[in-house]
Amino acid sequence: MTRPWTEAVPADTRQLSIGELSARMEAGSLSAVELMQELVARTKAVEGRVRAFNSFDEADALAQARASDERRAGARRLGRGAVRPLEGIPVGIKDVISVAGQPLTASSRMLENFVSPYDATVTERLKDAGAVCWGRLNLDEFAMGSSTENSAFGATSNPWDLERVPGGSSGGSAAAVAAGEAVAALGSDTGGSIRQPAALCSVVGLKPTYGRVSRYGLIAFASSLDQIGPFARSVRDAAVLLGAIAGHDPRDSTSVRLEVPDYARGVDELAKSGRKWRLGIPKEYFGEGLDPEVGAAVEEAIGEYRRMGCEVREVSLPHTKYAIATYYIIATAECSSNLARFDGVRYGHRSREATDALDIYFKSRAEGFGQEVKRRIILGTYVLSSGYYDAYYLRAQKVRTLIRGDFLQAYREVDAIVTPTSPTPAFRKGEKAADPLAMYLNDIYTIGVNLAGLPGMSVPCGFTKAGLPVGLQIIGQPFKETELLAIGAAYEERTQWHGRVPPL
Amino acid sequence: MNYEAVIGLEVHVQIKTRSKMFTRAATGYGEPANTLTDPVVLALPGTLPVMNKEAIDQIIKAGLLLGCEIAPVCKWDRKNYFYPDSPKNYQISQYDQPICRGGAVEIELPGPARNVMGEHQTIALTRIHLEEDVGKLNHGEGVSLVDFNRAGTPLMEIVSEPVIRTADEAFAYLTALKTVMMYGAISDCDMEKGQLRCDANISIRPEGSSGLGTKVELKNLNSFSFVRDGIAHEIRRQVAVAQSGGTIVQETRDYDGQTGESRSLRSKEMAHDYRYFPDPDLMPVEVGEEWKARLRSACPELPFDRQRRLQRDYGVPYTITSVLVPDRELGDFFEEAARLCGKAQAAGNWIANDLLRELGASKAALADSKVRPAHVAALVRLVDSGAILSNAAKEVFAEMFRTGEAPEAVVARTGLGAQSDPGELERWCREAIAANPKSAADFKAGKESAINAFKGPVMRAAKGKADPKRVDETLRRLLAG
């Protein structure tokens, strides 16, 4: 029973939430296959310009969608509704998260031809939730970067302005959702890699509390900072996705044994309760380097919260100025060790020039890794070296404790902290590529959240005069994602920014 | 000038667990290459380690057995270095907070003779920590192949203080350590399977001085004898260098047990900077008192303590305990047999001599033996009651070992029982005396040895099944009459 999708559904499902799409599929006016076909068509139409995907497997996605339709039909025959929360919903996956039988490249030459034989825990959970795993989304090589320009296979473009970057490292995930190539997507966030591209592409991006989501199957960049999270069209969609992927995993001992609440219902209940949130504005986040238009949009969003009756007060995070230095010691130290496994011995790129074991290491890694990855491995190797460990790594860990302490201190008087996600809107491709330090400063507002292990979310909060999106970052308390989502949803309800789609 | 050696041993012991240290892949030996692997063992992108609690249990048990202080927290570090047998190019290990500190190993040096107990000493330990084993490289012509079956197997590193002075002490230390590990069921310590590996740090100094000389690390010592020979060789080499006015350089040397020679592998300048740091993938685990108490209650008596107890409480001699005690199962077997028959020494003799001989001849393990402690106990009782004679008992034992029958059944079936009809014995004795009046007269006249002249004919008449003691008693009674 195939119908041309154009007859069955409105020409464009791009603005529909997961809830609305599910309702249509449940009502029979849309099938998972039709939705997938629409996304494939859309992807083929825009991918030449956006380049959000490293690869996609159309046949596999359609087969998954067909299986979903069959499950739904089976449930219907038994007089039941579909019980899986993401039944038939295509979710794009950052190409650093493993999907059995699909390429896993980390946008690196090193893994150009690598196909992963196993599912990441989040992938398993998405499949269990009924989702269609759709495509391999571009990123900065090994998730190192803030623009997705560090991809070995080509940069992704910002759907709002193709000359500009989508942010990074999960630029492919943000761009795919913004461009309507996926209903939602998974990314990973080590220093802002979900929130910053979400802000630059005008989608919702959530980094959960460290330990909330299993990292098993995520190629590790910095193990103590990495966390997988969703990109979505709305806060409620993000809540549904988080509910599907969160929870303890016996394969990741850093995942926490805490029950997973029903986030979507929690958000609705908090919305009904009319709770007045107490929000903190950290003075250190509104200083030098903040683009005035971004600042104005964020101030306007804060004003919106005030109008809702929320209490807004200034808080201080005094160790903010050490965050970037601290981050680049811890993250690079961990990455220097995490990336040691990419040696050309068991899998991945092996230099054709190599003649012995040492040669395999030197040449394969020299050829397989890009500039930024090498820079970070070298930096991390240095800070862990004998004689430097105490001065760098150990000290950075102590500062990290202070930075977390800043946030926890602030949470004694506020429920959440509100800041800009990124100091600037999307910059032009190439603009910062030659200046790593300028690139690193792009994560100045997001890095502290990873160091402190907190949940953080970026929600669309406006556009610059040039039409570039601006994101509002909301930083929550450990494992209080429901509250964080509710605060975001309250803003989203009163504004229309999240409904906008780029003119592609 | 006379020199003395200062030796410290680093012993790696594979812990006996079903699965690997940080994943569920099975452990094992002799399987086809790369079959005991999974995505974690192979360090595929995205995989994470998860601690095997069984291995922690085992190392804590080892620490408790050796009197170590157990750390309150079990914490993990990464030791970073590139080598093709290391899938992650770092090894998960314990750096600044080993799970066990201190402790000691009681050793026994060779005695003046095989059947005389040697001097006992205590070798202090620095630490024991847990890490994961690496894979194995197999070098062929023009290719090197890696087998990751061994990679990720839980491995204890037991580091002694530099208090060992001789090659014999080192040998005794390894022997004692292995016995303790086997008593705790922590490892089988089979060196051929790589379950126990030993590196030795050796330096020399003028006798009586307290400083430490430049140390040389000796590797690839793949049997206890090679450890002893390698250390002896290295001490001689260093003394020769020192006496000829040369300097000993800090280096790692490879000892070849076949040729008895060593060669330099690498010098100090080539030493690695391992860039240790806490492994962010693994959470530190608290080792609570309850956990320790549970393991303490699972700790067996130490081998030397047991040996002392058997000698003290059962009066079993060193020659027997030194055979029975090193094997925990054999010791258990003995104690059970001794308990059942109440004659420890006799049971010990049967086990140490006959049982081990039969097991050796049939290349069987104790666990496979059809002779169980109850068999030994029953046999001891039969001999003790005079129902069978010791010569016949040896045959009964061999038969029992073959068939697994109770000794009574063997006797009934084979007729190996002692001649026990007093009437018949008396008749044979009378006949013997009657046939040799001269000896009878000699005996009565006070020539004690004359009685022996009757015993041969009696035994012949009894087909060897008469109890010599009772033959003697009967003859004396009749001659006196």
Side-chain angles (χ1 to χ4, degrees), chain A residues 96-98 104-106 110-111 114 116-118 120-121 142 211 214-220 222-226 249-256 330 333-334 336-343 345-348 356-358 360-361 365 380-389 393-394 397, chain B residues 22-24 34 37-53 74 76-93 95-96 134-135 137 139 142-148 151 270-285:
Chain A
V96 75
I97 297 169
S98 186
L104 178 62
T105 73
M110 185 57 89
L111 292 175
F114 182 74
S116 183
Y118 74 99
T121 298
F142 285 103
S214 167
R215 295 184 293 115
Y216 187 79
L218 166 69
I219 296 183
S223 312
S224 74
L225 301 162
D226 294 343
D249 175 10
R251 289 175 297 191
D252 175 5
S253 38
T254 64
S255 72
V256 174
I330 292 171
E334 292 180 7
S336 73
S337 176
N338 283 334
L339 269 60
R341 66 184 59 194
F342 303 106
D343 59 4
V345 173
R346 283 147 296 121
Y347 52 80
D356 62 26
L358 272 184
I360 290 179
Y361 295 149
R365 287 166 68 84
T381 303
Y382 176 78
V383 299
L384 286 177
S385 298
S386 169
Y388 296 98
Y389 178 84
Y393 189 76
L394 198 63
Q397 289 291 13
Chain B
F22 296 109
T23 178
R24 285 153 93 168
N34 294 309
T37 61
D38 66 7
V40 179
V41 172
L42 296 174
L44 293 192
T47 54
L48 295 172
V50 174
M51 196 178 85
N52 177 349
K53 189 156 171 291
C74 181
W76 301 101
D77 300 287
R78 291 187 185 178
K79 179 180 180 178
N80 294 284
Y81 66 97
F82 279 79
Y83 206 72
D85 64 6
S86 170
K88 300 184 291 292
N89 287 314
Y90 62 81
Q91 185 185 24
I92 303 175
S93 181
Y95 178 53
D96 55 347
V134 294
L137 292 181
H139 301 286
V143 289
S144 292
L145 300 172
V146 202
D147 177 4
F148 291 106
M270 302 267 289
H272 292 288
D273 176 357
Y274 290 121
R275 290 172 282 120
Y276 281 103
F277 75 108
D279 193 326
D281 286 332
L282 290 160
M283 296 285 105
V285 176

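- Note: B:Leu282 CG to A:Asp252 CG = 9.5 Å, rounded to the nearest 0.5 Å.
- The contact between A:Tyr118 and chain B is made entirely by side chain atoms (from C-beta outward), counting heavy-atom distances below 4.5 Å.
- Contact tally against chain B (heavy-atom pairs below 4.5 Å) for A:Leu225, A:Val345, A:Asp343: the top residue is A:Asp343.
- Interface remark: B:Phe277 contributes backbone and side-chain atoms alike to the contact with chain A (heavy atom separation under 4.5 Å).
- When heavy atoms are compared at a cutoff of 4.5 Å, A:Leu111 approaches chain B solely by way of its side chain, counted from C-beta outward.
- Using a 4.5 Å cut-off between heavy atoms, A:Ala106 makes no contact with chain B at all.
- A:Ser214 does not touch chain B: none of its heavy atoms, backbone or side chain, sits under 4.5 Å away.
- Here the straight-line distance linking atom CG of B:Asn89 with atom CZ of A:Arg346 works out to 6.5 Å at 0.5 Å rounding.
- Between chain A and the residues B:Phe82, B:Phe148, B:Tyr274, B:Tyr276, the most heavy-atom pairs under 4.5 angstrom are made by B:Phe82.
- For A:Leu104, the part lying under 4.5 angstrom from a heavy atom of chain B is the side chain only.
- Summarising the geometry, atom OG belonging to A:Ser255 is positioned 10.0 Å from atom CE belonging to B:Met283; distances are rounded to the nearest 0.5 Å.
- When only modelled atom types and interatomic distance are considered, B:Asp281 and A:Ser223 share a side-chain donor-acceptor pair under 3.5 Å.
- Going from atom OG of A:Ser336 over to atom CG of B:Asn80 covers 6.0 Å, rounded to the nearest 0.5 Å.
- Residue A:Ala120 does not touch chain B at all, counting heavy-atom pairs closer than 4.5 Å.
- Taking 4.5 Å as the limit, every side-chain heavy atom of B:Phe22 sits out of range of all side-chain heavy atoms of A:Ser253.
- In terms of non-hydrogen atom pairs under 4.5 Å with chain A, the most contact-rich of B:Val50, B:Thr23, B:Val40 is B:Val50.
- Considering only heavy atoms from C-beta on, B:Arg275 stays 4.5 Å or farther from A:Tyr389 through its side chain.
- The CG atom of B:Leu48 lies 8.5 Å from the CG atom of A:Asp249; values are rounded to the nearest 0.5 Å.
- A:Arg341 contributes no side-chain N or O that, together with a main-chain N or O of B:Pro87, makes up a donor-acceptor pair within less than 3.5 Å.
- Using a 4.5 Å cut-off between heavy atoms, A:Ser116 does not touch chain B at all.
- Looking only at side-chain heavy atoms (C-beta outward), B:Pro39 and A:Tyr216 come within less than 4.5 Å of each other.
- Between chain A and the options B:Val146, B:Asp279, B:Leu42, the largest number of non-hydrogen pairs under 4.5 Å is found for B:Leu42.
- The minimum heavy-atom distance linking A:Tyr347 with B:Ala43 is given by the pair OH-O, 2.5 Å.
- Without hydrogens or angle criteria, B:Asp273 side chain to A:Ser386 main chain gives a donor-acceptor distance under 3.5 Å.
- For chain B, no part of A:Tyr388 is nearby; none of its heavy atoms comes within less than 4.5 Å.
- Checking B:Arg78 against A:Asn338 by side-chain atom types alone, a donor-acceptor pair falls below 3.5 Å.
- In this structure, the portions of B:Pro84 lying under 4.5 Å from any heavy atom of chain A include both its backbone and its side chain.
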